[in-house]
Participant: 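My questions will all concern the structure given below.
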Amino acid sequence: MRWEDFRTSSNVEDRRGMGIGGAGGLGMGTIVILGLIGWAFGIDPRLLIGGAEMLAGGGSGYEQQQGRQGAPDDEMGRFAAAILGNTEDVLTTVLPQQVNRQYNPPKLVLFSGATRSGCGGAQSAMGPFYCPLDQTIYIDLSFFQEMQQRFRAGGDFAYAYVLAHEVGHHVENELGILPRVQERQRQVGQTEANQLSVRVELMADCLAGVWAHHSNQRWQSLQEGDIEEAIRAAEAIGDDRLQKQSQGRVVPDSFTHGSSAQRMRWLTTGLKSGQVQACDTFRATRL
C-alpha cells in the first residue's frame, strides 16, 4: 500500500511507554481470561474487565494520562497517523456528498500494555477498539505483529483495514447508529444483542472498504495483492474461525463480529461500491 504520501493526522495522542498509573488494575493473565470469556459468551470484554477492576478496588486504578500530541516519529506510529489522516481526507468529502452529513474525525490514542479510555481500562489483550463516549480509537500497535504471527494476516493494507474498521465505528456513531443499537441491546436477550453487534461490525467492515475505494481513486494507494491481504485478514478474524481454533466448535448464537464469509463479503461490498448506503447491514436480508 502506498501510504507514505498520505497526510499524517495531528489528531493523535501517543501514550506508548508511559506505563500504568495508580495502585489498582488486574494482572495480564486475568485480563486475557476475561477477554476470552467475554468473546466466548458474546459479552463485551471491556464490561467484564471494568467490573473486575471495580471488585478488585481498581475502579480508579488508571491515572488520567496525557501523551505526546501529533504525528509520531517512528515508522509504525507515522503509518497509523497517515491512515487516520487519509480517512479524514476521504470522509470529509464522502459523507457530505453521500449522506449529507459533516464529518467530525475521531481521535487516535496509541498505547502499550494498558491505558485509560472514556469507556474504562484499555488493555492490549482487548485488541483495537473504538470508545463512543470519548470518540477515540485505542490501539496497541503490537496488535499488528499478532495479526502476522497468529493469524498470518500481515501487510500494510491489512493493518490499514483494522484501523479503518474502527473509524467505521466512529462513522456509525456520527450517524446515530451506535446509540440506537446500544439502546436496543439493553432491551433484548443476549442472542438478539449479539446479532445486533454482528450487524454493527459488518457495517464497519463495509465502511472500511468504502474508505479504501475512494482512497485508491484519488491517491492510487492500492498495490497488487493489497486487497487479498485485507480479505485474508477479514477471513482470519471471523467468529467461526476463531471459535474453531480456540474451542474446537462453532456457536453461531455467540457471534459478535460475523463469520469469515460475512466479513469478507461486506468488506468487498464497500471496496467495490464506494457507497456508504451500500453498507446498511440493518436493512440487509442476507449478511
Participant: Got a second to check how far Ile177's CD1 is from Gln182's CD, nearest 0.5 Å?
Facilitator: 12.0 Å
Participant: Grab the two heavy atoms, one from Leu287 and one from Gln262, that are nearest each other, plus how far apart they are.
Facilitator: O-CG, 3.3 Å
Participant: Regarding Arg16 and Asp74, does a basic nitrogen lie under 4.0 Å from an acidic carboxylate oxygen?
Facilitator: yes
Participant: Do you know the tightest heavy-atom contact between Trp266 and Ala278?
Facilitator: CZ3-O, 3.3 Å
Participant: Do the side chains of Arg232 and Glu229 get nearer than 4.5 Å, heavy atoms only?
Facilitator: yes
Participant: Less than 4.5 Å apart, any side-chain heavy atom of Gln102 and any of Glu174?
Facilitator: no
Participant: Okay, side chain of Arg78, backbone of Thr8: is any donor-acceptor separation there less than 3.5 Å?
Facilitator: no
Participant: Would you check, one step at a time, whether the test side-chain contact (heavy atoms from CB on, under 4.5 Å) holds for Ile139 with Tyr159?
Facilitator: CA-CA 11 Å; Ile139 185 170; Tyr159 306 148; over 6 Å; no
Participant: Under the side-chain contact (heavy atoms from CB on, under 4.5 Å) criterion, do Phe6 and Leu84 qualify, and how do the steps go?
Facilitator: CA-CA 9 Å; Phe6 287 171; Leu84 183 67; over 6 Å; no
Participant: Working to the nearest 0.5 Å, report the span between CD1 of Ile237 and CE of Met147.
Facilitator: 6.5 Å
Participant: Looking at Cys119, is its backbone amide N or carbonyl O close enough to the side chain of Arg116 to form a donor-acceptor pair, meaning the two atoms are under 3.5 Å apart?
Facilitator: no
Participant: For the residue pair Thr256 and Ser197, what are the closest heavy atoms and their distance?
Facilitator: O-OG, 2.8 Å
Participant: Hey, are the side chains of Pro252 and Ser259 touching, using non-hydrogen atoms and a 4.5 Å cut-off?
Facilitator: no
Participant: Testing Arg186, Arg180, Gln185 one by one against Glu183 for a side chain to side chain donor-acceptor pair (under 3.5 Å), which residue passes?
Facilitator: Arg186
Participant: Just by distance, do the side chain of Gln135 and the backbone of Leu133 share a donor-acceptor pair under 3.5 Å?
Facilitator: no
Participant: Given Asp253 and Asn194, is the side-chain contact (heavy atoms from CB on, under 4.5 Å) satisfied, shown in steps?
Facilitator: CA-CA 7 Å; Asp253 282 350; Asn194 289 346; 5.7 Å; no
Participant: Less than 4.5 Å apart, side chain to side chain, heavy atoms only: is that true for Met1 and Tyr161?
Facilitator: no
Participant: If you round to the nearest 0.5 Å, how far is CG of Asp280 from CG of Leu202?
Facilitator: 12.0 Å
Participant: Take Ser9 and Leu108, measure what side-chain contact (heavy atoms from CB on, under 4.5 Å) needs, and give me the verdict at the end.
Facilitator: CA-CA 9 Å; Ser9 174; Leu108 175 65; over 6 Å; no
Participant: Side-chain contact test, heavy atoms from C-beta onward, threshold under 4.5 Å: evaluate it for Phe157 versus Glu228 and give yes or no.
Facilitator: no
Participant: Donor-acceptor check, side chain of Gln98 to backbone of Gly274, threshold 3.5 angstrom: yes or no?
Facilitator: yes
Participant: Write down the atom of Tyr103, the atom of Thr87, and the distance for their closest heavy-atom approach.
Facilitator: CE2-O, 4.3 Å
Participant: Between Ser254 and Gln243, do the side chains contain an N or O donor and an N or O acceptor separated by less than 3.5 Å?
Facilitator: yes
Participant: Please report the interatomic distance CG(Leu196) to CD(Gln187), rounded to the nearest 0.5 Å.
Facilitator: 10.0 Å
Participant: Is there a donor-acceptor pair closer than 3.5 Å between any side-chain N or O of Arg101 and the backbone N or O of Pro96?
Facilitator: no
Participant: Where the side chain of Glu13 meets the backbone of Val109, is there a donor-acceptor pair that is under 3.5 Å apart?
Facilitator: no
Participant: Can you tell if the side chain of Arg218 reaches within under 4.5 Å of the side chain of Val90, non-hydrogen atoms only?
Facilitator: no
Participant: Using the side chain to side chain donor-acceptor pair (under 3.5 Å) rule, collect all pairs that involve residues 163-172, keeping only residues at least two apart or in two chains.
Facilitator: Tyr130-His170, His165-His169, His165-Glu201, His165-Asp205, His169-Glu172, His169-Glu201
Participant: Classify the ring geometry between Phe129 and Tyr138 as parallel (under 30°), tilted (30 to 60°) or perpendicular (over 60°).
Facilitator: parallel
Participant: Can you tell me how far apart CZ (Arg265) and CZ (Arg286) are? Round to the nearest 0.5 Å.
Facilitator: 3.5 Å
Participant: Minimum heavy-atom separation for Gly17 and Ser112, please, with both atom names.
Facilitator: N-OG, 2.9 Å
Participant: What distance do Leu163 atom CG and Phe143 atom CZ have between them, rounded to the nearest 0.5 Å?
Facilitator: 10.0 Å
Participant: Between the side chain of Asp14 and the main-chain N/O of Gly67, is any donor-acceptor distance below 3.5 Å?
Facilitator: no
Participant: For residues Asn86 and Trp219, is any side-chain donor paired with an opposing acceptor at under 3.5 Å?
Facilitator: no
Participant: Can Thr115 and Arg15 be counted as having a side-chain donor-acceptor contact under 3.5 angstrom?
Facilitator: yes
Participant: Got Pro106 and Thr136 here, is their nearest side-chain heavy-atom distance under 4.5 Å?
Facilitator: no
Participant: If you compare all heavy atoms of Glu88 against all heavy atoms of Asn11, which two are closest, and at what distance to 0.1 Å?
Facilitator: OE2-CB, 3.8 Å
Participant: Between the main-chain N or O of Met264 and the side-chain N or O of Thr268, is there a donor-acceptor pair closer than 3.5 Å?
Facilitator: yes
Participant: So do Asp134 and Lys107 actually touch side chain to side chain, heavy atoms under 4.5 Å?
Facilitator: no
